[in-house]
Amino acid sequence: MGPIDIVVENGRITQIVSVGFPGLPIDPERRPPQGDFEVDCHGKWVTPGFIDSHVHIGHFLHASNGEQAPVEYVYKLWLAHGITTVRDMWSANGLGWTLQQKAASEANEITAPRIMAYAGFPSNDEFLNIIHTPEEGRTWLRGIAERGADGVKFYGASPAIFKAALEESKALGLRTGCHHPQMALSRLNALTTASWGLTSTEHFYGVPEAMFERTSIQPYPANYDFMDEYLRYNSSSQNFIHAAEPGSTKWNETLDRFLELDHTFVPTLAILEANRDLMRARRADWHDKYTHKNLWDFFEPQRQNHGSYWFQWSTRNEVEWKEHFRRWSAFVYDYMKKGGRVCPASDAGFLYQIDGFCFIRDLEWFQEAGFHPLEIIRAATMRASELMGLADEIGTVEVGKCADLLVHQENPLGDLKFLYGTGALRLNDATGRSEWRRGLQYTIRNGVVYDTAELLADVREIVAQSWAGANIDTLLGQDNV
Ligand SMILES: [Zn+2]
């Protein structure tokens with residue numbers, strides 16, 4: 001609605017005032033008193049800030065390919081794409097570090113979104129595995145709650161430990177999300193853990209397993225090895241093929257069960273896109289100016305890096321993943337239609353996906369799944385604020401809430417592509433030439449105004465420095481053809 005004046009004081013929205021009618025001059029009598037600073041929004045659109053429900057603020061895994069990008073790189077990519085709140089799903093640099101960053105961001109000491117710190121539950125993990133009994137799990141959870149964690153990210157666990165941990169988390173007020181890894185799925189699935197109180201299922205793992213009809217464990221090939229990522233991702237495209245058909249009775253019953261439990265899905269479609277179209281992900285328009293060299297080197301085919309299993313990726317793999325996407329996005333779309341909560345997220349830093357851009361791509365995936373752009377914006381704002389327990393603070397433009405606002409110079413409902421840091425490619429009829437047009441002008445978080453053009457220029461500078469001495473052939477891997 002508009003024309004509207006939004007008044008912000010001390011980081012909060014204090015007034016929302018209608019100042020006239022569309023097509024007529026603004027009525028100066030109705031305007032609130034002039035403030036210290038005014039953002040001219042004539043002819044523009046304002047939405048709530050976006051919430052990225054699954055991120056990693058840098059990841060120690062990237063250190064295997066040289067010096068990592070500075071944390072400023074991801075923070076500025078997020079803000080430049082309208083992301084004013086993130087949920088860090090592991091605190092991979094250590095919970096203490098994430099909590100320190102969260103506090104610095106809250107105090108406006110650093111340029112960063114609001115950070116929700118979820119600690120990684122160290123059981124059943126390849127890197128750190130220190131919890132072996134339910135009691136050890138409960139003690140560990142009490143420790144992180146005391147330190148100020150917002151929630152816990154699980155990566156499976158044995159059923160007795162997992163059930164006790166979810167019970168304890170609930171008692172402590174910790175929210176919970178889980179990536180259900182294949183090792184856990186012979187004993188539980190996403191419906192099992194949702195019924196034990198899990199807040200959200202990350203990705204898709206564990207969902208088709210809740211709808212298996214002709215099998216109870218995925219029929220893995222005999223040579224399956226979870227640690228061989230080519231075999232792992234070659235097989236995980238087939239989980240839905242073994243599950244109930246979209247629209248079937250079992251499919252709908254499963255959706256209803258999740259709905260009764262008020263469960264949330266964070267499908268992270270975009271991060272997995274390279275699986276269905278490797279060339280698209282690898283040659284994205286933004287790589288040359290926005291992809292840090294450390295990430296590029298990490299993404300390229302190799303056996304030891306997470307998500308870099310392209311050394312034998314085939315046409316068959318892509319075709320199977322396209323079918324997988326069709327079924328998985330049908331599932332989350334059906335869930336949303338029934339009233340369920342589905343939240344967009346990036347999980348970037350792997351599989352040729354970089355922060356900010358990957359989140360906008362996920363919004364595009366929601367549209368391809370069937371969501372209307374209004375349903376997408378709602379999912380990325382209000383619904384995600386509910387997921388994190390922040391619905392009283394953020395997620396909508398309302399008096400009393402934090403001033404997390406986006407100022408768009410192109411209507412995002414008309415085309416989500418305007419939200420990309422690179423913009424959308426458009427023909428300028430006045431000049432007869434094509435140009436990249438960006439929609440998002442300002443990202444406002446807690447009342448602090450960030451100019452997205454400045455944020456993006458800073459990111460390009462960081463990226464250019466990381467590539468100093470290298471050339472475009474190196475970027476594209478053409479130097480050894
Ligand atoms: Zn993740």
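Every number for a ligand or one of its atoms is a count from 1 in the order of the listing. Small disclaimer: the values here were computed from a predicted structure and weren't measured. Excluded from the calculations below are hydrogen atoms, water molecules and symmetry mates; all remaining heavy atoms, backbone and side chain alike, are included. FYI, the numbering just counts along the sequence from 1.
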Student: Under 2.8 Å from the Zn ion (ligand 1), can any N, O or S atom of H203 be found?
Tutor: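 It does not: H203 brings no N, O or S atom closer than 2.8 Å to the Zn ion (ligand 1).
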Student: For F265, is the NZ or CZ atom of R341 found under 6.0 angstrom from the centre of its six-membered ring and inside 45 degrees of the ring axis?
Tutor: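 Not flagged: R341 not positioned over aromatic ring of F265.
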Student: Kindly give the atom name of the N, O or S atom of D347 closest to the Zn ion (ligand 1).
Tutor: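 It is OD1 of D347.
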Student: Does the separation of the ring centres of H179 and Y155 fall below 6.0 angstrom?
Tutor: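 So the answer is yes for these two rings.
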Student: If I take atom CG from residue L387 and atom CZ from residue R175, how far apart are they, to the nearest 0.5 angstrom?
Tutor: 7.0 Å
Student: Which of the N/O/S atoms in H54 sits closest to the Zn ion (ligand 1)?
Tutor: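 Nearest N/O/S atom of H54: NE2.
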Student: I'd like to know if the side chain of N93 reaches the main chain of I57, judged simply by a donor and an acceptor atom lying under 3.5 Å from each other, with no hydrogens or angles considered.
Tutor: yes
